[in-house]
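See structure below.
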Amino acid sequence: MRLGRDFFARDTRTVAREVLGKYLVRILDGIPLAVRLTETEAYIGRLDKACHAYHNRRTQRTETLFAPPGTAYIYLIYGMHHCLNFVTEAEGEPSAVLIRGGEARSGLPILCRNRFRREWADLSAYQRKQFLNGPGKLCQALGLTRAENGCSLLGETLFLCDDLADLGLETPPEDRTPPVIHTGRRIGIDYAEEAAFFPWRYFY
DNA sequence: CTTCAGATGCTCT
DNA sequence: GAGCATCTGAAGA
């Protein structure tokens, strides 16, 4: 079953927690790419110095955070990588869930070529183990860039779902037991003072 | 396994 | 002009 707007229109930390284990699907050139989400972070504009839209800060970049829940917020970081977020809360409450990691479930050959311009069989064990364990890696594999900033997550080519039946695939056995979720500090925001210590990173 | 430097360009001041 | 919600490869332990 696909996730609707109501899923995203809730407390950001709840969404960050509950989206773990769900599948992010992108249909690219007719081919379904699917990633099971394993790591997220919550960013809440109202309270959070680490959020780009802290105190409702409105600039060209943060405009997407004011879009309806269920919108993709994608920005360029460090001049060469992209980060994907899901906009959350009621429309106009600038908040989002950063997608930090996942595991490939469909379209592995494409995901792999997007990331390494090589075949899965040619990757080292280290490369396989670290395949999608970072926000930039995930965007690169899925071919998501600023061109997709502001796109709906409720559409026909980019969406989330509960299971892989939507894609005509069987859900693997290891995906059937609910993940045990851990929390921790968010990564790479040491500048954000007390907010750097909020336990708003979720993973399993 | 760990640390570290360097890449690279957009965004806001 | 400064800073950034990162990744990679090389080198060391």
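All chains are named by letter (A, B, ...) in the order of the sequence lines, taking the proteins before the strands, and each is independently numbered beginning at 1.
Side chains of A:Thr171 and A:Asp163: a donor-acceptor N/O pair is absent below 3.5 angstrom, by distance only. Checked by atom type, the side-chain pair A:Asp175/A:Tyr23 shows a donor-acceptor distance below 3.5 Å. Under the 3.5 Å distance criterion, with hydrogens and angles disregarded, no donor-acceptor pair is assigned to the side chains of A:Tyr43 and A:His52.
Across the protein-nucleic acid pair, A:Ile187 atom CD1 and C:dC7 atom P stand 11 Å apart, rounded to whole Å. Rounded to an integer number of Å, the gap from OH of A:Tyr54 to P of C:dC4 is 16 Å. Taking atom CG of A:Leu138 as the reference point, atom P of C:dC7 lies 9 Å away to the nearest angstrom. Separating the CG atom of A:Asp190 from the C1' atom of C:dG3 is a distance of 14 Å, rounded to the nearest angstrom. If you measure from atom NZ of A:Lys49 to atom C1' of C:dA5, you get 17 Å, rounded to the nearest angstrom. Whole-Å rounding puts the A:Phe131 CZ to C:dT8 P distance at 11 Å.
Consecutive pairing runs in DNA chain B reach the stem threshold at B:1-7 with C:6-12, B:9-12 with C:1-4, where a stem means at least three Watson-Crick or G-U wobble pairs with distances under 3.5 Å.
Within the 4.0 Å cut-off from OP1 or OP2 of C:dA5, at least one side-chain nitrogen or oxygen of A:His52 is found.
The environment of A:Glu156 atom CD is sparse: at most 12 non-hydrogen atoms of other residues, nucleotides or ligands sit within 6.0 angstrom.
Judged purely by atom type and a 3.5 angstrom limit, A:Ser95 has no side-chain atom pairing as donor or acceptor with the backbone of A:Ile44. A:Arg118 places a side-chain N or O within 3.5 Å of a backbone atom of A:Asp122 that can act as its donor or acceptor partner. A:Lys129 places no side-chain N or O within donor-acceptor distance of the main-chain N or O of A:Ser124, the cut-off being under 3.5 Å.
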Checklist entry - Base, backbone or nothing for each nucleotide of nucleotides 1-13 of chain B, written B, S, -, heavy atoms under 4.0 angstrom, 5' to 3'? => result ------BBBSSSS
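Of the listed residues (A:Arg115, A:His81, A:His82), just one forms a side-chain hydrogen bond (donor to acceptor under 3.5 Å, both in side chains) with A:Gln140, and that residue is A:Arg115.
When each of A:Tyr191 and A:Arg115 is assigned the nucleotide of DNA chain C with its nearest heavy atom, A:Tyr191 is the one assigned upstream, toward the 5' end. When the nearest nucleotides of DNA chain C are assigned to A:Leu65 and A:Gln140 by heavy-atom distance, the more 5′-ward of the two goes with A:Leu65.
Relative ring orientation between A:Phe116 and A:Phe131 is described as parallel, the plane-to-plane angle staying below 30° on a 0-90° scale split at 30° and 60°.
Using a 4.5 Å heavy-atom cutoff, the side chains of A:Phe86 and A:Val19 are in contact.
The hydrophobic cluster containing A:Ile77 does not contain A:Leu138, counting ILVMFWY residues as joined when their side-chain heavy atoms lie under 4.5 angstrom apart, directly or transitively.
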What are the atom names and distances for every N/O pair under 3.5 Å that joins the protein to nucleotides 9-11 of chain C?
none

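Residue contacts for A:Arg100: at a heavy-atom cut-off of 4.0 Å it reaches the sugar-phosphate backbone alone, with no base atom in range.
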